[in-house]
Asker: 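Right, I'll just put the structure down here and ask away after.
Here the structure is a predicted model, which is why all the values come from computation and not from measurement. Proteins come first, then strands; the chains are lettered A, B, ... in the order of their sequence lines, and each starts at number 1.
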There are 2 protein chains.
Amino acid sequence: MKDDTDDVVVLAADRLTSAAGVFTKSRFAGASVRLSQSNAADGHAQAVAVVSKNANVATGEQGEWDAANLAQRVAELVGCEPDQVLVGSTGVIGVPYPEGKVDAYFGRLAGAAEGTVPIAERTDDLVARRGGPTGVGDVDDLDHGGRKGLWTTDAAAAAAAIMTTDTHPKTASASAGAATVVGIAKGSGMIEPDMATMISVMTTDAEIAPDRLDAMLRRVCDVTFNALSVDTDTSTSDMVVMLANGAAGPVDEAELEAALGAVSLDLTRQLAFDGEGAETLIVVTVNEARDDAQAKRVAKAIVNSPLVKTAVHGCDPNWGRVAMAIGKCSDETDIDPERIRIRFGDQEVYPTPATPEALAELEAYLASDEVLISVDLGIADGSFTVYGCDLTDQYVRINADYTT
Amino acid sequence: MKDDTDDVVVLAADRLTSAAGVFTKSRFAGASVRLSQSNAADGHAQAVAVVSKNANVATGEQGEWDAANLAQRVAELVGCEPDQVLVGSTGVIGVPYPEGKVDAYFGRLAGAAEGTVPIAERTDDLVARRGGPTGVGDVDDLDHGGRKGLWTTDAAAAAAAIMTTDTHPKTASASAGAATVVGIAKGSGMIEPDMATMISVMTTDAEIAPDRLDAMLRRVCDVTFNALSVDTDTSTSDMVVMLANGAAGPVDEAELEAALGAVSLDLTRQLAFDGEGAETLIVVTVNEARDDAQAKRVAKAIVNSPLVKTAVHGCDPNWGRVAMAIGKCSDETDIDPERIRIRFGDQEVYPTPATPEALAELEAYLASDEVLISVDLGIADGSFTVYGCDLTDQYVRINADYTT
């Protein structure tokens, strides 16, 4: 799409899977997102293709044609119907895919796959443990660089192929009885003229009905990916999709949801810690709220406050900025400063002031890789935890130094 | 309060004035804000005192006592009732005023004023043109530094005394018939462990009933100060208060509102341009919205987007980020990307792409002191304009380098 790095990945199963997806709510949602929403609506899919370095957003009719063509090419490769393919895309906005490159690449990829290793063998292997084979390649040059254009069962290689300016590939896995959940995700690097788009693909060999998978994925996303904020800017390309091929048979659903939750939380924390320019993972927990929704609004106000983020970056236990962020939730009229408690890590800082010795320890704590800010609102028993990162000079440089 | 810079200002009239105020909605609103709201409720006041370097926020009962004591001391100086005094305070959160300093200062100020220039003379002068005399001083040392502790009719000196880390004092004035409107404002510097608190005091010698003044101030604030955002963080200490002493008699109210609007807009633009670390004033106008409220929500989403702000800082005409910011207003379901137009200055960039020559010119335009981003939503005729600034490395350094 742009340079000689990997920029396309295809995850495919050897059969139709239960499929579910959670997509960006952006009014400028891209052609890939809209096609995938439509194709996932019946709860089934056989493959997911993700293209990086180009978001295919605000590209008009050409963009819709390109998304449909990508699904068509993947369907031909995998041997399924085009509407059984989900597609994602992330990168520059407003520029169509380079003409002809996708067609040329899939032609070469199909030939290379057929000529080297039969798809069926590796499909068996992957269906057993990873939910489908993975085709990793670069649109420009199929044979360039060793592993490019080759089939792989390596989730890290798949995760690497969907990176834009992420500093490392993000994968996670967990077991649920005889089944495994494997997820990959990308997001929040920024060399492209692009927002911190977040894409995650989850696979499992557990057997689960589409409607139950959909409900499970939504519940898990609400407390993991949807609890993540690097910079408040919602992407036009965000999506989390999941395929369940059933090869491991049915498993306990609570156990499967726990495994999916563990994988999603692991990826969410990796995304926050790899936020643009980030040096510190910030976890904010709000307890004793009216309900979980209020706890989430207050927690988001804190984790998104540039003054809180810069205070953490400067290792300053400045609880006044946390108080300010709580205070700006002005619609929450049951919030009363006199019932609030604020802690950094285990150390209360409001209303009981920290001692000078405790403040010195807090400065060291704030210099660590992960900082917890917790707030008790003293209203009821609602609670929520969100994930973010500090705001650094590097965030500004990454996002200001690019010129289209 | 903290160092030897001016940190207290008293604006007083020689009679009870019509008074109106607009205050922060923060749930952590400070003691000064709460006292002023109460004292302004009857539509009358005679003086406004503002203390900088200490916000008197989250200071409990001590803070309430300190705010009431400040009003009491000002009332004694001016010769009015304590509930005819409005007080503001801005600076560090969670630390009470230094014990005894306010009392000691007002004692010395009263003596100095009586011993040097009679209040009455300058009161006449100020009531005629500026709405009241101005006492500028430093709590620590009344006689230090020449102009400190002296009465002044200089609005710039008054504006300087309420600065925290503003880089220059902010004043504006306009005429309405025989009357004048003079305003001062502070906000958005950041050496203190503090958010970008915004305080503005307006005076006029026009005669106007309190309820009409209150309604006028609210209408004007909605399209000026409330259309300003430096970093999305709502202060615990924001307030705009206005005194009208009536010395110039009644004037045409539309003319007065226009003058007040001009002064408020001028101060709003000064505040945005002096935002923390800011190098560029960003003006965002949204037209053709369903209504003005929708236009404001979309405009705020654009001006507050860190990716839009960094794009302007990097002189990058990256309209994809503007599209993203519009898109994230996901509750605005009548927003349709196909009806949207986006312009930088006069140059359309979406849907009609700018030519390479136009893009080169846009890079130069984005390097100027003021950048206009305008969006047509193509829905109806609602419109709104908001004011902000770019996000620079300096913002992060200013806010990260402080340690309590």
Asker: Run the salt-bridge test on A:R341 and A:E288 with the 4.0 Å N-O cut-off and return the result as yes or no.
Answerer: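 Salt bridge flag = no for A:E288 with A:R341.
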Asker: Counting heavy-atom pairs under 4.5 Å to chain B, which of A:T333, A:I326, A:I340, A:D336 comes out on top?
Answerer: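 Of A:T333, A:I326, A:I340, A:D336, A:T333 has the most heavy-atom pairs under 4.5 Å with chain B.
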Asker: Determine, step by step, whether B:V286 and B:K296 satisfy the side-chain contact (heavy atoms from CB on, under 4.5 Å) criterion, reporting the C-alpha distance in whole Å, the side-chain angles of both residues, the deciding distance to 0.1 Å, and the verdict.
Answerer: CA-CA 7 Å; B:V286 172; B:K296 182 174 183 178; over 6 Å; no
Asker: Any ion pair linking B:D316 and B:R321 (charged N to carboxylate O, less than 4.0 Å)?
Answerer: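 Looking at B:D316 together with B:R321, the answer is no, because their closest N to O distance does not fall below 4.0 Å.
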Asker: With chain A, which of B:D331, B:L391, B:D393, B:V312 has the greatest number of heavy-atom pairs at distances under 4.5 Å?
Answerer: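 Between B:D331, B:L391, B:D393, B:V312, the count favours B:D393.
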Asker: For B:E332, is it the side chain, the backbone, both, or neither that has a heavy atom closer than 4.5 Å to a heavy atom of chain A?
Answerer: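 For B:E332, the contact with chain A is made by the backbone alone.
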Asker: Give a yes or no on whether a salt bridge exists between B:D334 and B:R290, defined as a side-chain N under 4.0 angstrom from a carboxylate O.
Answerer: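 Salt bridge: yes.
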